[in-house]
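This report concerns only the one structure given below.
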Amino acid sequence: MKEIVSFLKGMVYSMEGKHMKKKKSEALLQRLIENKISREEFEELLRGLEDTEMAGFLEESMRAHFDKLMNAYEEENQNEDAEKSIEKRKEITQSNQQK
């Protein structure tokens with residue numbers, strides 16, 4: 001884990017160019033989400049919001065993260081609904097058998 005954090009820190013500070021801005025914004029956002037962002041990185045993230053290109057990359061990264069969370073939530077609810085449906089059918093079957 002320490003190697004990953006070191007890699008991310010190096011990645012955040014050593015990137016240039018369009019592709020690198022995208023990776024930098026993703027790395028900064030990920031560190032923010034994980035609550036592992038330093039003050040300097042957070043300030044860099046805020047400054048990035050003033051750069052229209054980087055702001056677009058941040059928006060894209062946030063949207064992807066949000067979509068991932070929503071998909072996981074929906075999948076979890078579908079599983080719970082399926083389990084409830086099975087339990088309800090069992091109750092109905094047992095009730096019918098007792099009659």
Side-chain angles (χ1 to χ4, degrees):
M1 185 65 176
K2 288 181 182 179
E3 295 83 19
I4 294 171
V5 171
S6 296
F7 173 73
L8 284 176
K9 282 186 178 180
M11 195 167 77
V12 169
Y13 292 113
S14 64
M15 297 188 172
E16 295 178 18
K18 188 173 186 172
H19 181 69
M20 297 304 181
K21 275 188 177 182
K22 183 174 182 176
K23 288 219 179 267
K24 180 188 284 189
S25 66
E26 289 172 355
L28 288 170
L29 183 64
Q30 190 61 39
R31 292 183 58 70
L32 176 66
I33 290 167
E34 293 172 354
N35 199 25
K36 295 180 179 179
I37 195 167
S38 69
R39 174 77 179 193
E40 295 80 20
E41 291 167 333
F42 184 68
E43 288 172 0
E44 184 179 357
L45 180 77
L46 293 177
R47 283 190 306 273
L49 294 174
E50 296 172 0
D51 177 349
T52 55
E53 186 178 46
M54 185 137 171
F57 294 142
L58 286 167
E59 179 183 353
E60 187 180 311
S61 295
M62 285 188 272
R63 187 177 308 279
H65 178 70
F66 179 77
D67 288 344
K68 181 180 172 185
L69 291 175
M70 289 307 298
N71 289 338
Y73 175 79
E74 289 172 358
E75 185 177 311
E76 182 178 312
N77 281 340
Q78 286 175 350
N79 291 339
E80 287 177 9
D81 289 346
E83 289 173 9
K84 287 178 185 176
S85 178
I86 291 169
E87 288 299 318
K88 188 68 173 174
R89 278 187 251 147
K90 284 181 182 177
E91 290 174 15
I92 292 170
T93 302
Q94 288 173 351
S95 173
N96 288 339
Q97 288 175 350
Q98 291 175 353
K99 290 181 181 179

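Every heavy atom of this structure was used, including side-chain atoms; hydrogens, water molecules and symmetry mates were not.
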Practice task
Please check if L46 and L32 belong to a single hydrophobic cluster, counting links between Ile, Leu, Val, Met, Phe, Trp and Tyr side chain heavy atoms closer than 4.5 Å.
Solution key: yes

Exercise for the section: Could you check L49 against M54 for side-chain contact (heavy atoms from CB on, under 4.5 Å), going step by step and ending with a plain yes or no? Expected result: CA-CA 7 Å; L49 294 174; M54 185 137 171; over 6 Å; no

Exercise for the section: Might you point out which heavy atoms bring L29 and L58 nearest each other, and give the distance in Å? Expected result: CD2-O, 4.2 Å

Problem - N77: side chain to side chain donor-acceptor pair (under 3.5 Å) partners, not counting sequence neighbours - result: Y73

Exercise for the section: Determine whether the side chains of E26 and Q30 contain a donor N or O and an acceptor N or O closer than 3.5 Å. Expected result: no

Handout entry: N/O donor-acceptor pair under 3.5 Å between E41 side chain and S38 backbone
Key = yes

Exercise for the section: For E74, check side-chain contact (heavy atoms from CB on, under 4.5 Å) against everything at least two apart and list the hits. Expected result: M70, N71

Practice task
Enumerate the residue pairs fulfilling salt bridge (charged side-chain N to carboxylate O under 4.0 Å, His left out) with a member in residues 60-69, sequence neighbours excluded, ordered by first and then second residue.
Solution key: K22-E60, E59-R63

Practice task
With sequence neighbours excluded, tell me which residues meet salt bridge (charged side-chain N to carboxylate O under 4.0 Å, His left out) with R47.
Solution key: none

Fill in the blank from the handout: Interatomic distance, CD1@I33 vs NZ@K36, rounded to 0.5 Å, equals 12.5 Å

Problem - Set of residues satisfying side-chain contact (heavy atoms from CB on, under 4.5 Å) with respect to L69, sequence neighbours excluded - result: H65

Exercise for the section: Find the distance between CZ (F57) and CG (L28) and round it off to the nearest 0.5 Å. Expected result: 13.0 Å

Handout entry: Separation of K24 NZ from S61 OG (nearest 0.5 Å)
Key = 13.5 Å

